[in-house]
Every structure is written in structure tokens, then in C-alpha cells.
Amino acid sequence: MIAITILKNLRAPPLMNLVFANRKLSFYDTSSTPKTKEDNAKLHREQEQRNAEDVLFDMFASEETGLISMGKFLAGLKTTGIRRNDPRVRELMDNLKKVHKLNNYETGSSAETQHLNRETFKAVVAPNIVLIAKAFRQQFVIPDFTSFVKDIEDIYNRCKTNTLGKLADYIPQLARYNPDSWGLSICTIDGQRFSIGDVDVPFTLQSCSKPLTYAIALEKLGPKVVHSYVGQEPSGRNFNELVLDQNKKPHNPMINAGAILTCSLMNALVKPDMTSAEIFDYTMSWFKRLSGGEYIGFNNAVFLSEREAADRNYALGFYMRENKCFPKRTNLKEVMDFYFQCCSMETNCEAMSVIAASLANGGICPTTEEKVFRPEVIRDVLSIMHSCGTYDYSGQFAFKVGLPAKSGVSGGMMLVIPNVMGIFAWSPPLDHLGNTVRGLQFCEELVSMFNFHRYDNLKHLSNKKDPRKHRYETKGLSIVNLLFSAASGDVTALRRHRLSGMDITLADYDGRTALHLAASEGHLECVKFLLEQCHVPHNPKDRWGNLPVDEAENFGHCHVVEFLRSWAEKADQSSEECKPEAVTSKTQADEEICSTSDLETSPTTSPIPTPVESGSRAGSGRSSPVPSDAGSTASAGSSIDDKTKPGL
Ligand code: GLU
């Protein structure tokens, strides 16, 4: 019988703080003190938050002065896609101004370039720490935003040289555009922003307003009512052709007849009691909310010109009235004016990219986090945009690009990558079907570089990039899963990890291996599997110098202690060391279990310093009869020596 020594100074029970590169996951706490789930979650959040503020300071502070340069910090934040004027970091920016004022700076530095000590920095960032920590942990939908942006810039520059296309000239305001204008803005569902070119130049929404008014009608009336008036089919005809479908309804809300009909629903059903002016304000306020408060204006000259040059649109209106398409109480003149007003609302690429991102994000604006539309509404809007959004090119666009989009006669192209990002491209020259030439080229090049096409296979298509993938993601999650499997006694899961070719000797931030966790939790089967079949070393030391056998002892698992002791004796007697390749060789039983190999890395670089990358478990003095794969352990970021700069 082995005597179990319960150490007086028993350290904290297993808490796995996994760090890989600049990223840390704390997720598992087997604390024996009974706590409610909420307590644990709260404790966990507080701990994470405290960690994050200190870690950020350590990442950017100068060792010489012990101060952090806020200029450097904000530049680092920008590389993740978060801008200084993002509403989600408003408190941080306000705090900087307050501190700057309080310090009465005379050094010439601005609020945004001042240097702060640890405590001040922590107080300044505290209100926005959740977002900031997420940014630096690379937990946004595009983790390596810097690399992504470089690729986007390349595509942008290629499109810039394309001088094909003609300006729309049915009204003078459109004919006066500069054909060289070319702007592109991106906003992800996490509010990561990138803009290049003429992104602040105002232009009118034109047909890009159509999906937005359709969304309001859907939100307020529901799809049943809306689609009792307007169809869902591509018309197969010109966007302003005098034609209705077989049910005497306009084909869909993306062509002129359908959009005029949607405007009539707004007037007669959504807000029957509002005056024309009120409906205009009401609609504009929806657009503004979708854009996170960015620029939405109105161009009166365009409105007047549109109304002047609207024979066809009036003809469509009368034709629909003749066919009883409109709801009762429709005032056609008011409806037509409202339609021209929607087309004449003014905006820019920046604002439109946020609108596109709100559509990508199920109706929630990424920058303000306001829930503007219900997700079901957005699903319907995107479905129609997918099949009908680019005039007579819609079929080809759906085939080649495979994403919902809406183009307009002023040269805009709103592209939505659902659950990822919104993109707005603006360049006035149009092709013969009315789509912006540069915008179209951009969309087509985008999906040939990235696997964004709706029907790209995310798993097996290897010739396209997936910017959604974190370079550490699959490996990191595998480490998390590995340690979790060991701690929860899941031998089958451990087998899968082994079959996937994973290094089973990987350790967490505290130097704790799967064997440590299996031993501390008393999972003898797992301990046996790890030693007998994976041939992991029986004596790795964690950061406190504890062996797996110490863990088993500390937590009173006699059977595991016994097994580990006799294993150690045998190992000491045997001079033959286990071969490293045995770690991944399969037994017959293993063959029966499906293999999941997701050890993937990409050669991208991190936009921010990665302080723990310098640490490596190789050479950390771990005594083991089995030479472990030090390289992969190091890449997991288990920096034992560098305790001053733990990763996020
Ligand atoms: N104002 C234009 C019209 O109704 C919109 C055209 C468009 O962008 O497709 O004719």
C-alpha cells in the first residue's frame, strides 16, 4: 500500500492556462470548492480581464522606461482592424484625453501618443478591455487581418488599372463623375475595418437602396404580406422593363417595379399615418442605424433629376396600378417620390461597408452592436440579392461569385459574405448591363483568391486561402482538446488525438501535460494509455517541479500512484529508451477509430509582437526518457522561463 501524502501547501487544483503565441485560453477548472456556474464564470471573466490588461501592458511597455507608448499600442490595435474612432473604444479614447489633460502635458505629445504607467494604462483600457483583448488574442473572424488586407490591396490595385466601362448619363449628376474614382471598404462582422481609395467621396445609393427598403418592409410586415405583393424570381428581363410575372406581380424587390412596389408598402402599410416627410426621415434613420451612424445624406439635385428623367419608372407605376398591384390607399405620386428619394440618398464606401457588414452579421451592426433587423429578415434579403442583385448578370454572378450582392447605377457594388464581412466597392464606369466594372472584377478576383464562394468546400479546396483560419487555431484547439480529454478521462478521444498525428507530450502554460491531468484526476485508463501506447515520458515536470505521480498523490488517487511508481521503477531499470516515432504509430485498435488530422499551420505573420514565442520547452530541463518533439511544444507557447510576459 502506498502512503498518500497530502501536502499542506497544496497548490491550486488543475487550472489549465493554455498559451500559444500571443493567445491564451483558460477554460478548465476542477476546483473542489463548490461554486455555482455563475460564480465560476464571473471569477473566470475577472481573472481573464486582469490578465489581459497586464499582458497588454507588458507587450507594449518599454523595458527602459517602464511606460507604455499609447501611440504604439493604438497602432497595434489598428493592425487588428480596430480603428481609434470605433464606437466600441470610445471610453478608451475619452480616458486618454482626460489623463492627458490631468497630466497637463508639456512634452508636445498628444493624448494618443502619451506614455502611461501600468496602473493608469489599466484604468484607461478597462472599460473596453473585452474587445481589446479579443483583438490582440486574434479572436476576430479574420484573425490575421494584416495579411488579409495585403491581399485585398493587391486585388484593388489590379482593378485600378481596368479602364473599361462607361458612366451612366441619363442624369447629368451621374455623367459628371470622375471615371478614375475607385474606392473599396471592408467591415467584418467583428467590426474590423479597412478602406482604400476614394472611400469618402459621396455618391447616391441608387439601386443599392432596394435591399434596404425591402428589409424594412419585411421587418415590419413579415414575408407573407410582402410577398403577396412582390415575387421572388429573377425576371430574366431588363431591370426597368415593363413586365410583371404570371401572377401580375413585379418579379422581385431588386428590380425597379419591385422596389416601387416595396415603397408603396412602406407608405400604405408600414406607416400609413406618416406624412411623406416623416416616411423619408423614418427610412433614413433605418439606413443610418444599419451604417452604425456613418454618413447617410441626401442629394437633392439627383432627386430632382431622377424625377425629371423618370418616364419609364412612371410607366411602371401606372402599369402596376392598372394591374392592381398596389395595396389600397396607395398614393402613386407620393410612392414615386419616395422611390426617387431612396435612390437619391447619399453615402460613401465607408458607411456602405458597415451596412453590408450588418447584413453579413444577421442584422446586427458590428460597430454599434445594435440589433437593427431580425436574422430571418436578413436571410430573405440576402437570398433575393443572391439571385437578383446584379441586373441581368445575376445568374452569372451567382455562378461565378456565389455571394449576395447589389449593384447600383452610380457605380456601387455591395457584397455580403454572410457571417464574415461586408464589402462595398465604388467606381462609376459601368458595363453594358449596368454593373460597376472595377467592382465586378474585384468580386470575381476576391473569390478566386479566397474560399468565399457559397459553394466552395472549406475542408478540401486547397488552392484558395481561408482567412478565417487562425494560424494556431487548429493546433491550439487540438491542445485544448487533448488536455481536456485527459482531464475528463476520455480514452477514445485521446486515441483520436494520437491518430491525428498530434504530439501527445504537449504541455499547457504551466507545463502540465496530458499525463499530469489524467493523474491528478485519477483516470488510470488514460494514464495507462498515455504511457503504454503513446509512450509519453512518465516524469515531465510542470512549472512547480511536480511530476504526474505527485499530482496523483496530491489528489489522493492511490491506484494511479501505484501504477506510476511501478512504471518509473521499470523505466529506471530499462536502459532502452522509447523511440519518438512510436508516438504516432497506429495499433490495430487505433485503425478502427476515425482519424481527424487538423494540424495545420499557415506561414502568415502576426500583426503584433508575440512575446511568448521566444520561450520554448526545449531545454527547460524536463527530464524524460522519451525525447519529445520540442518544436511543436514550443509552438504551443509553453514558455516556462518567461513568466513576466505571459501571452494573452
Ligand atoms: N434611379 C434609378 C432608376 O430607378 C436606379 C437605377 C439603378 O441603380 O439601377 O432608374
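Order of listing sets the numbers, starting from 1, for every ligand and every atom in it. Just so you know, residue 1 is the first one in the sequence shown, and it goes up from there.
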Per-pair distances, ligand 1 N/O vs protein N/O, less than 3.5 Å:
from, atom 1, to, atom 2, distance (Å)
ligand 1, 1 (N), Y170, OH, 3.4
ligand 1, 1 (N), Q206, OE1, 2.6
ligand 1, 1 (N), E306, OE1, 2.8
ligand 1, 1 (N), E306, OE2, 3.2
ligand 1, 4 (O), N256, ND2, 3.1
ligand 1, 4 (O), N313, ND2, 3.0
ligand 1, 4 (O), Y339, OH, 2.6
ligand 1, 8 (O), S207, N, 3.0
ligand 1, 8 (O), S207, OG, 2.9
ligand 1, 8 (O), Y391, OH, 3.2
ligand 1, 8 (O), V409, N, 2.9
ligand 1, 9 (O), S207, OG, 2.5
ligand 1, 9 (O), Y391, OH, 2.4
ligand 1, 10 (O), N256, ND2, 3.4
ligand 1, 10 (O), N313, ND2, 3.4

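The list of ring-ring contact (aromatic ring centres under 6.0 Å, His included) pairs with a residue in residues 377-402, not counting sequence neighbours, reads F239-Y391. Sorted by first and then second residue, the ring-ring contact (aromatic ring centres under 6.0 Å, His included) pairs involving residues 158-189 (not counting sequence neighbours) are Y156-W182, Y177-W426. Under the salt bridge (charged side-chain N to carboxylate O under 4.0 Å, His left out) criterion, the residue pairs touching residues 345-367 are R83-E350, R193-E350, with sequence neighbours excluded.
By the 4.0 Å N-to-carboxylate-O rule, K150 lies too far from D154 to be salt-bridged with it.
Panel note: side chain S353, backbone I423; no donor-acceptor pair is recorded below 3.5 Å.
Between F424 and F203, the distance separating the two ring centers is shorter than 6.0 angstrom.
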